[in-house]
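Notes follow once the structure below has been shown.
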Amino acid sequence: MHKLQFPAEPFGTLLGHAPGGVAIYSSDYDSVDRSQYTHHSDFRSYINNEYMGYKWQCVEFARRWLYLNRGLVFTDVPMAYDIFAIRHYRRVEDDALLPLQAFANGGLKAPEAGALLIWAEGGEFEVTGHVAVVTEVLADRVRIAEQNVEHNKLPLGQQWCRELKLERTLTQGYRIIEGYPDTQILGWMIQTDDTTHAEPTQWVNPALFDINSREMPQPIAKAHWLNEQAPVQAAFVHAMNGHYLTNNTNEQQRYFRMSATAERELIRATNELHLMYLHATEVVLRDDSLLEHFNIPKVLWPRLKRSWQTRRHQMISGRFDFCMTAKGLKVYEYNADSASCHTEAGLIQGLWADAIGCHDGEDAGADLLHSMTETWRHSGVTGRVHILQDDDKEEDYHAQFMQLAMHNAGIETRIIRGLHTLHWNADGEVVDAEGDVISCVWKTWAWETALDQIRDECENELNAPPIRTGAAYEPVRLIDVLLRPEVQVYEPLWTLIPSNKAILPVLWSLFPNHRYLLNASFTLTDELIAHGYVRKPIAGRCGDNVSLVDKHDSVLGETAGRFAEQNVIYQELWRLPQIGHYRVQMCTFALGGSYGGSCVRIDDSLIITTDSDLLPLRVVDDNQL
């Protein structure tokens, strides 16, 4: 970093204030008091439940300035220079997405106060780039406020950190001159829907989105390479009937590879799409004519809307399913309710790499467990969490992984396998086998399972869900737990909306032709027929009852299942890439709304199902792909 003329103030020292009274702190990491910052989570900056960034970096200051002064935030980014690719701010009060434009340094759009100034990676800002807030635009210079450049106190009353020279170009453009050597200002970000002189979305070499696979030359030398003393690993061994990566005995040595650029695009897509899905959820819950498409019993609508109003930022984990090829990156759907695959991506594939000696690139899920832990640490959960799971071997290790994350976050948990040990106490409350009241739940069951119970019992629209309260002779059902008003459930009830495929036509109507979206409709349109389409049940799971039809009206693939009677939507056909013998789907995890890691699911067919394999994914440098 820049060599300072004066000694740096210790980490966390208040250096001064930017316009609006927003504090600027020293981020001199060499002076961190490790007795006060014992966990990674101690470095995470929050205002209420809104994540600002890593203390006290440049991105944290920019996001905090926008939040406090304008009620806006931008999505989480891997590096500061990635902000230049963002095209939306989120308005905190209602999760509305507002258009954000990037204007190149030297272009015809003048910078303005409140704009974000973005530097490329290099020189003074090696690896990360940099972001600052423009506080004033004068005739020949701009003033900026920032963190993580100089760690000295500002003169009393001064509300800016540096002045940078502003020049007019020969073409009457505006160029800001950076004082540090070997640095480059990309441009500035302004919240406006006017795209005049704005930069297009950043382009990357499409070949870097192609995935490939390799095999390790030798099998794992150690027969028992998983630690059965660790509950998660023991449960995985039990589910796989041995120390195996996959049930396919021929593929214990295979792994997949993606470029660092592809990972960066997945990070951007995950963070942006999460916000888009939240925006679409808000639109649906404000319009009953749209909510009708989701086939949710009307008796639940008031609870559903209240869940959104009170718990919209309490989602823990979701999983996006993508198709990624040289043609681009397209999202199929968002498993926002009951996502799976955490154990394989966040633990097993890393242990496999260690055991087999795979040092090609980095594990794409290496940070997943840590990110899950941090999400739980900032969830606001107090007391015991009961982990409710079905009587299933795969759900055993899924529940154990989530219990490990909560344990690491300091949260007390108890796993309940099935519902048969739950009963009623004398006050009509649901209690576990030890007699402890169920008050907070994380579940592996999808909300749709509970909805099916309500549909079975509510032939007519009633004024309240049919929840039992203490009938000792009757068993406790899923709805008796999940829909009790005093029980806090993760994932919240509102996640029914983004998990339902009926959200896909809503998204397309809100963000037509968005680079990550596929055309989707409630009816089969001429455009979809001409391109080819996928028919999906709106609340289907595990790839059941899906049909793929090409533009020649030929069925490319279809699955049976238990959702044949559901309403359907139609989505543009976008085939998974074939790599070797397999079709490969990319998956990313959104933890607390931000990217947490990646994995791949593979199958012989074009449709990924619950039986599809999950093999290791490694991230390699672009020039190594």
Side-chain angles (χ1 to χ4, degrees), residues 41 48-49 231 299-300 302-318 336-339 372-391 395-396 398-451 453-454 464-496 591-592:
S41 60
N48 300 323
N49 289 324
V299 70
L300 284 185
R303 293 180 182 228
L304 185 63
K305 294 177 181 181
R306 189 165 61 251
S307 172
W308 174 248
Q309 291 163 1
T310 59
R311 301 192 60 204
R312 70 175 64 188
H313 298 303
Q314 292 185 16
M315 181 179 166
I316 299 295
S317 173
D337 174 9
S338 55
M372 184 77 79
T373 297
E374 295 307 303
T375 301
W376 277 112
R377 197 187 303 276
H378 289 279
S379 66
V381 167
T382 58
R384 178 185 293 115
V385 177
H386 283 86
I387 298 174
L388 297 191
Q389 65 155 108
D390 208 347
D391 190 357
E395 291 194 12
D396 284 346
H398 188 36
Q400 291 280 0
F401 182 89
M402 196 61 71
Q403 185 178 50
L404 176 60
M406 284 190 258
H407 171 78
N408 291 345
I411 298 172
E412 182 184 356
T413 60
R414 184 174 294 161
I415 294 177
I416 307 295
R417 198 172 195 264
L419 300 175
H420 60 276
T421 62
L422 301 181
H423 57 280
W424 310 99
N425 67 11
D427 295 323
E429 299 168 308
V430 178
V431 296
D432 63 19
E434 285 74 27
D436 292 321
V437 175
I438 308 290
S439 60
C440 186
V441 162
W442 180 85
K443 62 181 179 56
T444 63
W445 273 287
W447 274 108
E448 272 295 325
T449 305
L451 264 59
Q453 293 181 354
I454 291 177
I467 299 171
R468 294 173 182 165
T469 54
Y473 56 89
E474 292 183 318
V476 175
R477 304 163 305 166
L478 193 60
I479 59 173
D480 299 332
V481 180
L482 300 187
L483 290 174
R484 294 182 75 80
E486 62 268 28
V487 176
Q488 187 175 43
V489 180
Y490 291 90
E491 305 300 332
L493 182 61
W494 66 261
T495 56
L496 270 167
L591 304 180

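Both backbone and side-chain heavy atoms feed into the values below; hydrogens, waters and symmetry mates do not.
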Item to check | Near-ring test W442/H398, centroid separation under 6.0 angstrom | outcome: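 Yes; W442 has its ring centre under 6.0 Å from that of H398.
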
Item to check | W447: partners by ring-ring contact (aromatic ring centres under 6.0 Å, His included), with sequence neighbours left out | outcome: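 Listed in chain order: nothing, the list is empty.
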
Do [X] and [Y] have side chains that get closer than 4.5 Å, going by heavy atoms?
{"X": "M406", "Y": "I387", "result": "yes"}
{"X": "V476", "Y": "L419", "result": "no"}
{"X": "D480", "Y": "L422", "result": "no"}
{"X": "P492", "Y": "R312", "result": "no"}
{"X": "S439", "Y": "R384", "result": "no"}
{"X": "I454", "Y": "L483", "result": "yes"}
{"X": "S317", "Y": "T375", "result": "no"}

Checklist outcome for this item: Between V487 and I438 the two heavy atoms that sit nearest each other are CG2-O, 3.4 Å

Checklist entry - Minimum heavy-atom separation for V489 to R311, with atom names? => result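 Looks like O-NH1, 2.7 Å.
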
Return the [atom1] to [atom2] distance between [X] and [Y], rounded to the nearest 0.5 Å.
{"X": "L496", "Y": "S307", "atom1": "CG", "atom2": "OG", "value": "8.5 Å"}
{"X": "K443", "Y": "M402", "atom1": "NZ", "atom2": "CE", "value": "10.5 Å"}
{"X": "L388", "Y": "T444", "atom1": "CG", "atom2": "OG1", "value": "7.5 Å"}
{"X": "L404", "Y": "T373", "atom1": "CG", "atom2": "OG1", "value": "6.5 Å"}
{"X": "T382", "Y": "E412", "atom1": "OG1", "atom2": "CD", "value": "11.5 Å"}

Checklist outcome for this item: The salt bridge (charged side-chain N to carboxylate O under 4.0 Å, His left out) partners of E395 (sequence neighbours excluded) come to none

Sequence neighbours left out, cut at 3.5 Å: what donor-acceptor pairs do the side chains of residues 425-434 make with other protein atoms?
residue : atom : partner : partner atom : Å
N425    : OD1  : D427    : N            : 3.0
N425    : OD1  : G428    : N            : 3.1
N425    : OD1  : E429    : N            : 2.8
N425    : ND2  : E429    : OE1          : 2.8
D432    : OD1  : E434    : N            : 3.0
D432    : OD1  : G435    : N            : 3.1
D432    : OD1  : D436    : N            : 2.9
D432    : OD2  : H386    : NE2          : 2.7
D432    : OD2  : R414    : NH1          : 2.5
E434    : OE1  : R414    : NH1          : 3.3

Checklist entry - Which residue pairs pass the ring-ring contact (aromatic ring centres under 6.0 Å, His included) test when at least one of the two sits in residues 414-438, sequence neighbours left out? => result none

Checklist entry - Among pairs that include at least one residue of residues 465-490, which meet ring-ring contact (aromatic ring centres under 6.0 Å, His included), considering only residues two or more places apart or in two chains? => result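 Non-adjacent pairs meeting ring-ring contact (aromatic ring centres under 6.0 Å, His included): W376-Y490.
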
Next on the checklist: My understanding is that only residues two or more places apart in sequence, or in another chain, count here; which of them pass side-chain hydrogen bond (donor to acceptor under 3.5 Å, both in side chains) with D396?
Outcome noted: Q389, R417

Next on the checklist: With side-chain contact (heavy atoms from CB on, under 4.5 Å) as the criterion, how do Q403 and V385 come out once you've worked through the C-alpha distance, each side chain's angles and the decisive distance to 0.1 Å?
Outcome noted: CA-CA 9 Å; Q403 185 178 50; V385 177; over 6 Å; no

